[in-house]
Amino acid sequence: MVASYIFYGAWNPPFALLLFATTALDFVLGAQIAQASTPRTRRGWLIASVAVNLSMLGFFKYGNFLLENFQWLVARVGVQYQPPHLDVFLPIGISFYTFHSLSYTLDVYRGETQPTKSLRDFVLAVSFFPQLVAGPIVRAADFLPQCVAPPVPVRNRFYWGLFLLTFGMFEKVVLADALLSSSVDTVFGHGGPIQTLDAWSGVLAFAGQIFFDFAGYSTCAIGAALCLGFSLKDNFRFPYAAVGFSDFWRRWHFSLSTFLRDYPYIPLGGNRSGPVRAAINLMIVMFVGGLWHGAAWTFVVWGLIHGVCLVAERVLRSLFHEAKWTQSTAAQLLFGLATYVVVCFAWVFFRATDFNTALRLIGAMVGSFPRGDAILSTREILQVALVTAGLLLSHWVLRSTSIEAMVVRLPRWLMAAGWTFLAGAIILIQGNGNAFIYFQF
Amino acid sequence: MPSSISSFERTIPAQPWNRLAGIAVALTPAAVVAWELYCRSLGYGPTLNDTPDLWAERREAVRPDSLVIIGDSRPLFDVDLDQLEKGLGQRPIQLAIAGSCAYPVLANLAADPQFRGTVICSVVPLMFFAPGGPLIANAEDALKKYRTRTLAQRSGHQLVMLLEERLAFLKQDDLTLGQLLKRLPIPNRPGALAPPPLPPYFSTADRERRPRMFEPCAQPGPLQNRVKLGWLPLFTPPPPPSFVPREAFLAGVKQAVEARFKDAAAAVKAIRARGGKVVFVRFPVSGEVKKIEDQATPRQGPWTRLLAESGAPGIYFEDFPELAGFECPEWSHLSNADSIEFTKRLAPHLKKALSP
């Protein structure tokens with residue numbers, strides 16, 4: 001717990017106080033919810049927890065965004081209002097730890113977990129440094145029981161954690177940063193129309209970069225936690241082998257997707273009130289999911305694209321659920337490829353800093369600028385193509401298994417050589433010091 | 001209510017982890033040592049990487065009355081800090097940044113209400129008046145690092161410096177995977193706008209950010225030729241972007257240059273108003289690079305106007321025979337030996353220019 005606070009405070013000491021305040025408040029409110037004698041009081045304490053957590057998040061992350069949109073809105077009715085620019089520094093990982101902490105009061109309210117009596121355990125659960133700044137979003141119900149007894153050192157668990165840590169670092173340092181990031185920066189940073197090949201290379205590079213960056217961090221977090229004797233759940237399961245969008249969200253950042261499913265989606269009614277209401281609920285949830293990533297409408301559009309695709313998929317499934325041809329390998333591959341292509345189109349809005357850039361890139365991807373600039377070198381295009389092919393192939397080969405199951409099957413000499421290769425590559429390749437992308441969320 | 005005891009525990013795959021870890025721990029250092037020896041056999045030696053972290057450390061060392069050097073790579077190579085200290089009686093702090101425009105750092109010092117020291121500012125007009133792009137971004141990156149460095153990044157950099165001073169393969173400009181891949185002889189598509197490659201590694205740096213040119217670069221030979229050829233595309237002004245009409249682009253550049261004259265003069269005025277001093281210096285340049293610079297920005301153009309509008313003194317190397325006789329072996333920077341002699345000769349001119 002002390003190490004976690006030192007870790008967080010090393011970035012910006014005053015924000016460690018904010019982290020503690022959020023945690024302590026939810027600890028108290030969790031106890032109040034459990035002790036409340038009437039449903040109304042219970043709900044009152046829960047509303048207090050939700051309101052305080054979301055207000056904190058809203059102020060730090062969305063303050064300027066809300067003011068800018070308010071300014072735009074009132075300008076539409078002829079009122080000229082110049083809001084003050086809030087000079088607010090975004091606390092790193094606030095979106096993650098707010099959800100870690102909030103999930104506790106929500107679970108206590110729902111009866112999913114018992115309130116802990118130990119503030120120390122709860123502070124550790126929220127601030128546990130491997131997952132503090134970029135997830136996975138850990139439910140108190142999964143983590144708190146592990147705090148009851150001090151973890152016993154287990155040699156094999158420690159080494160497996162170390163291996164995962166090495167593997168996650170390799171994904172980040174070598175694959176995301178060294179091989180893909182420069183093509184992404186070049187393509188998304190270009191101010192004019194570009195050729196189709198360049199646009200696709202940049203977008204495929206980003207699809208790979210965001211996966212290796214975020215899954216790499218999650219793997220590091222899981223590995224570091226294992227080294228210390230704690231178990232965190234997976235956050236990714238070979239997402240680019242997803243067949244359809246519901247499958248994608250069962251494989252991509254599913255600590256967030258399960259959070260969104262359990263808290264906003266199901267309380268909104270989920271799919272219990274008919275298909276139209278379920279579609280609306282899905283769109284609301286994906287709107288929230290998009291906005292959670294960043295205070296910009298581009299993130300919202302990214303979320304809404306996924307929402308529309310989820311709704312469309314439900315409609316198509318209801319129409320074709322009895323068609324046997326949809327289960328053939330060829331059809332599954334085709335659906336998987338289609339899912340990946342649409343996911344890539346959606347990534348454009350996730351990465352672009354504004355709509356002009358996003359729309360220009362989409363235009364380039366569909367061949368609107370045959371005389372656009374060729375901005376990537378042949379070497380960069382080949383690099384992206386090779387990494388993307390390896391990524392897709394590995395996801396399809398491993399889509400129905402887990403990394404643990406794969407490791408069991410590998411011969412010992414290959415494991416030893418692989419581990420040496422991963423560690424050696426991290427050291428020799430020398431990272432460029434890029435921060436993890438999800439730190440900004 | 002469900003039990004508070006979680007059944008969740010990650011599976012540990014069955015492998016002889018003890019033995020695997022032992023092999024990895026033994027083989028990884030062996031691979032690193034092999035690569036280190038290979039790099040040394042190619043002529044690489046341990047030296048610091050001149051990163052924004054290192055720059056930020058020097059920026060933090062600036063005190064209200066400090067003597068600081070800002071600008072592009074020429075004052076980095078051409079000024080010997082020991083000689084300048086002897087000449088001016090004060091240890092200078094090297095804040096020049098290779099491949100950058102001096103203005104963002106000048107503006108940063110001007111905006112620092114504590115700073116009332118002395119600024120020696122190198123001016124390469126093609127770089128000083130750059131409207132944007134990498135020349136500005138390189139300076140902004142360093143300033144951003146200075147403003148936002150965390151405790152973890154500071155301590156991480158201390159550790160990295162210890163390693164860089166001992167290991168030759170830690171060369172961010174030359175031996176990262178990205179840099180090695182760039183050397184692959186893969187031809188580009190016709191008309192591809194891929195940026196020109198940067199010149200190869202040809203100097204060492206210390207904790208005060210004093211680079212020293214390698215002897216193989218100071219002497220005629222393949223390395224010197226590669227560096228020379230590396231400068232030509234970098235000093236050739238790029239064509240306007242294809243997506244902006246030429247007239248609009250040129251008008252935008254003109255507007256940005258005009259703004260730079262005004263902003264630079266304002267920055268000089270702000271520093272002088274607090275009792276500080278600023279002197280502009282045009283450092284030696286030779287060969288084809290000099291031809292390009294003289295043609296694009298003749299002496300009577302931006303240099304003369306900058307001095308007139310800012311009111312700051314200036315030293316143009318060609319005005320003084322004792323400074324004009326130096327030859328840059330790779331056309332843009334002085335050799336280590338010449339930089340010592342050049343600084344000895346420059347110091348009296350600086351002293352005179354900075355005296356009230």
Side-chain angles (χ1 to χ4, degrees), chain A residues 7 9-13 111-114 116 141-146 148 154-157 159-160 162-163 166 174 178-179 182 191-193 222 226 231-233 372-380 382-383 402 404-405 407-408 410 412 415-416 419-420 423-425 427-430 432-433, chain B residues 1-32 35 49 51-53 150-156 169-172 175-178 180-182 184 186-195 241-244:
Chain A
F7 170 78
W11 166 70
N12 191 326
E112 299 275 327
T113 192
Q114 292 174 348
T116 176
D142 292 326
F143 194 85
L144 278 174
Q146 299 183 52
V148 174
V154 177
R155 187 179 290 169
N156 281 355
R157 183 170 61 194
Y159 287 137
W160 174 234
L162 218 50
F163 177 84
T166 317
V174 180
L179 294 177
S182 73
I222 291 165
L226 275 174
S231 288
L232 303 181
K233 286 185 173 172
D373 290 335
I375 54 172
L376 292 179
S377 66
T378 308
R379 190 257 315 160
E380 286 173 305
L382 289 173
Q383 216 165 285
S402 66
E404 284 86 355
V407 164
V408 167
L410 288 179
R412 291 170 191 180
M415 274 301 296
W419 199 349
T420 305
I427 295 168
L428 299 178
I429 276 156
Q430 309 170 48
N432 56 15
Chain B
M1 188 171 283
S3 161
S4 66
I5 302 300
S6 167
S7 58
F8 177 67
E9 190 167 343
R10 294 194 70 89
T11 312
I12 312 298
Q15 284 280 4
W17 288 107
N18 216 2
R19 205 178 311 158
L20 292 177
I23 294 169
V25 165
L27 289 184
T28 305
V32 172
W35 181 241
N49 288 300
T51 58
D53 275 294
T150 65
L151 193 60
Q153 288 169 332
R154 286 162 197 268
S155 42
F169 76 83
L170 294 174
K171 290 280 170 306
Q172 289 190 356
L175 293 175
T176 59
L177 177 66
L180 293 171
L181 288 170
K182 281 182 189 172
L184 292 175
I186 301 173
N188 282 325
R189 293 165 289 171
L193 302 176
S242 63
F243 48 91
V244 181

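Below, chain A is the first sequence line, B the second, and so on; all start at residue 1. Heavy-atom basis, side chains included; hydrogens, waters and symmetry copies ignored.
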Notebook entry, point to check: Would you say A/Thr378's side chain and B/Pro187's backbone share a donor-acceptor pair under 3.5 angstrom?
Noted result: yes
Margin query: Is it the case that the side chain of B/Gln15 and the backbone of A/Val407 share a donor-acceptor pair, with hydrogens and angles ignored and the cut-off at 3.5 Å?
Written below: yes
Item checked: Interatomic distance, B/Leu20 atom CG to A/Trp160 atom CH2 [nearest 0.5 angstrom] -> 11.0 Å
Checklist line | Residue part contacting chain B, namely of A/Glu380, when any heavy atom lies under 4.5 Å | finding: neither
Notebook entry, point to check: Which one, B/Gly156, B/Gly22, B/Ala192, leads in non-hydrogen pairs under 4.5 Å with chain A?
Noted result: B/Ala192
Next item on the list: Name the member of A/Val174, A/Asn156, A/Val408 that forms the most heavy-atom pairs with chain B at distances under 4.5 Å.
Entry: A/Asn156
Note to self: Is A/Leu232 close to chain B through its backbone or its side chain, or both, or neither, when contacts mean heavy atoms under 4.5 Å?
What the structure shows: backbone
Notebook entry, point to check: Taking side chain as C-beta onward, heavy atoms only, is B/Thr28 less than 4.5 Å from A/Ile427?
Noted result: yes
Next item on the list: Hey, can you tell me if A/Phe163 and B/Trp17 have their rings parallel, tilted or perpendicular (30° and 60° cut-offs)?
Entry: tilted
Note to self: So, taking the atom named CG in A/Leu179 and the one named CG in B/Leu177, what distance separates them when rounded to the nearest 0.5 Å?
What the structure shows: 5.0 Å
Checklist line | Winner by heavy-atom pair count (cut-off under 4.5 Å) against chain B, out of A/Met415, A/Arg412, A/Arg155 | finding: A/Arg412
Notebook entry, point to check: Which atom pair, heavy atoms only, marks the closest approach of A/Ala416 to B/Ile23?
Noted result: CB-CG2, 3.8 Å
Item checked: Contact check, side chains of A/Tyr159 and B/Asn18, non-hydrogen atoms, under 4.5 Å -> yes
Next item on the list: Grab the two heavy atoms, one from A/Asp373 and one from B/Ser242, that are nearest each other, plus how far apart they are.
Entry: OD1-OG, 2.6 Å
Checklist line | Choice from B/Pro190, B/Ala30, B/Ala152, B/Pro16 maximising heavy atom contacts with chain A below 4.5 Å | finding: B/Pro16
Next item on the list: Against chain A, work out which of B/Gln153, B/Lys182, B/Arg19 has the most heavy-atom pairs shorter than 4.5 Å and name it.
Entry: B/Lys182
Next item on the list: Kindly give the heavy-atom pair with the smallest separation between B/Arg10 and A/Lys233, and that separation in Å.
Entry: NH1-C, 3.7 Å
Check: Thinking salt bridges, do A/Arg157 and B/Glu9 make one under a 4.0 Å N-O criterion?
Finding: yes
Notebook entry, point to check: What option among A/Val154, A/Leu376, A/Ile375 has the most heavy-atom pairs under 4.5 Å with chain B?
Noted result: A/Leu376
Next item on the list: Applying side chain to side chain contact (heavy atoms under 4.5 Å, CB included), run through B/Val32 and A/Leu428 and close with a yes or a no.
Entry: CA-CA 7 Å; B/Val32 172; A/Leu428 299 178; 4.1 Å; yes
Notebook entry, point to check: Which bit of B/Leu175 comes within less than 4.5 Å of chain A, counting heavy atoms only: side chain, backbone, both or neither?
Noted result: both
Item checked: Option in A/Pro193, A/Ser377, A/Gly372, A/Gly9 with maximal non-hydrogen atom pairs under 4.5 Å from chain B -> A/Ser377
Check: Quick one: of B/Thr51, B/Thr11, B/Leu181, who has the most non-hydrogen atom pairs under 4.5 Å with chain A?
Finding: B/Leu181
Next item on the list: Indicate the atoms forming the closest heavy-atom contact of A/Arg379 with B/Asn188, along with that distance.
Entry: N-OD1, 4.5 Å
Checklist line | Contact leader toward chain B among A/Leu162, A/Leu382, A/Leu226, where contacts are heavy-atom pairs under 4.5 Å | finding: A/Leu226
